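In what follows, a structure is listed as structure tokens, so that the remarks can point back to it.
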Amino acid sequence: PILLQVRRRLPEVLVRSTSPELRAMVIVFMGAAGAGKTTVGRRLAKQLAWPFLDGDALHPPENIAKMSRGTPLTDDDRRPWLQALRESMHGWIAQDVNAVLAASLLTRGHRAAVLAGDEAQVRLVYLRVSPSLLRERLTVRTSHFAGVPLLESQLALLQEPQNALVLDGSQPVEELVQAIRRSFHL
């Protein structure tokens, strides 16, 4: 099945609300490199006519160079990236803009740094994919800086989220998008 599990009851919030407690919705795709975060996120954002941000675009040049060499990032390396993600997401919410974000956010600490204070407006989607399929996808994806050499370190860091819509990322993109739309009533 596409929908592996919903780890909590998801609130029934529509995309825009006039209630001050229920503001914009930001759907955050998380998972290891090659999980399909950008592909599925872009498709969903296009269907909903929402802005989309690939979190990789916010990495400082030093981080991109480091990852291009196959060297995993440290938490110190990630700090400015996490802050930039946080600022983008918080800006959307403050302006009551619905949006879609794709970012690895592999650990609880990474997610807490980005989502802090805005959890009520965030819908986390974890694309779970087997290591063998991730490796296969990264082998054919040659134009991206996060390649096969980083996969083992990403999988070692990965802490599966407790409050997320968990989907089987091996399923076709359109099926994943439809499962998300059904789950979040979009």
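Keep in mind that what you see is a predicted model, and the values were worked out from it rather than measured.
Taking CG from Asp168 and CD from Glu175, the interatomic distance works out to 10.0 Å, rounded to the nearest 0.5 Å. Rounded to the nearest 0.5 Å, atoms CD (Gln47) and CZ (Arg42) are 15.0 Å apart. A distance of 11.5 Å separates CZ in Arg108 from NE2 in His110, rounded to the nearest 0.5 Å. Distance check: Tyr126 OH to Leu158 CG gives 4.0 Å after rounding to the nearest 0.5 Å. For the atom pair CG (Leu115) and CZ (Arg86), the distance works out to 8.0 Å, reported to the nearest 0.5 Å. We find the CG-CD distance between Leu73 and Glu62 to be 10.5 Å, quoted to the nearest 0.5 Å.
Of all heavy-atom pairs between Pro161 and Leu124, the closest is CB-CD2, 3.7 Å. Of all non-hydrogen atoms in Ala24 and Ile93, the two that sit nearest each other are CB-CA, 4.3 Å. Here the closest non-hydrogen pair linking Met25 and Phe184 is CE-O, 4.4 Å. The two residues Ser170 and Leu133 come nearest to each other via the heavy atoms CB-CD2, 3.5 Å. The nearest pair of heavy atoms linking Arg128 to Glu160 is NH2-OE1, 2.8 Å. Of all non-hydrogen atoms in Asp56 and Trp81, the two that sit nearest each other are N-NE1, 4.4 Å.
At a threshold of 4.5 Å between non-hydrogen side-chain atoms, the residues Thr38 and Phe52 count as touching. Within the 4.5 Å cutoff, side-chain heavy atoms of Leu155 are placed close to those of Leu134. Side chains of Val28 and Leu85 form no contact here, defined as non-hydrogen atoms less than 4.5 Å apart. A 4.5 Å side-chain heavy-atom check between Asp118 and Val26 finds every atom pair outside the cut-off. Side-chain contact check for Val97 versus Pro51: some heavy-atom pair is nearer than 4.5 Å.
Using a 3.5 Å distance cut-off with no hydrogens or angles, the side chains of His59 and Asp77 do not pair a donor with an acceptor.
Within a 6.0 Å radius of CZ in Arg181, more than 12 heavy atoms belonging to other residues, nucleotides or ligands are found.
Looking at Asn163, Leu82, Leu105 one by one, the single match for side chain to side chain contact (heavy atoms under 4.5 Å, CB included) with Arg111 turns out to be Leu105.
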**Message:** Could you go through Asn98 and Leu48, starting from their C-alpha distance and side-chain angles, then the distance that decides it, and tell me whether this counts as side-chain contact (heavy atoms from CB on, under 4.5 Å)?
**Reply:** CA-CA 9 Å; Asn98 299 306; Leu48 297 174; over 6 Å; no
**Request:** Kindly indicate, with the supporting measurements, whether the criterion side-chain contact (heavy atoms from CB on, under 4.5 Å) is fulfilled by Arg123 and Ile27.
**Result:** CA-CA 5 Å; Arg123 303 296 175 265; Ile27 298 175; 4.2 Å; yes
**Asked** Are Leu176 and Phe29 close enough, and set up right, to give a side-chain contact (heavy atoms from CB on, under 4.5 Å), and what steps lead you there?
**Response** CA-CA 12 Å; Leu176 292 168; Phe29 285 86; over 6 Å; no
**Request:** Decide side-chain contact (heavy atoms from CB on, under 4.5 Å) for Leu101 and Val122; before the verdict, give the C-alpha distance in whole Å, the side-chain angles of both, and the deciding distance to 0.1 Å.
**Result:** CA-CA 10 Å; Leu101 170 66; Val122 174; over 6 Å; no
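A salt bridge does not link Lys37 to Asp54: none of the charged side-chain nitrogens sits closer than 4.0 Å to a carboxylate oxygen.
Checked by atom type and distance alone, the side chain of Gln154 never pairs as donor or acceptor with a backbone atom of Ala32 at under 3.5 Å.
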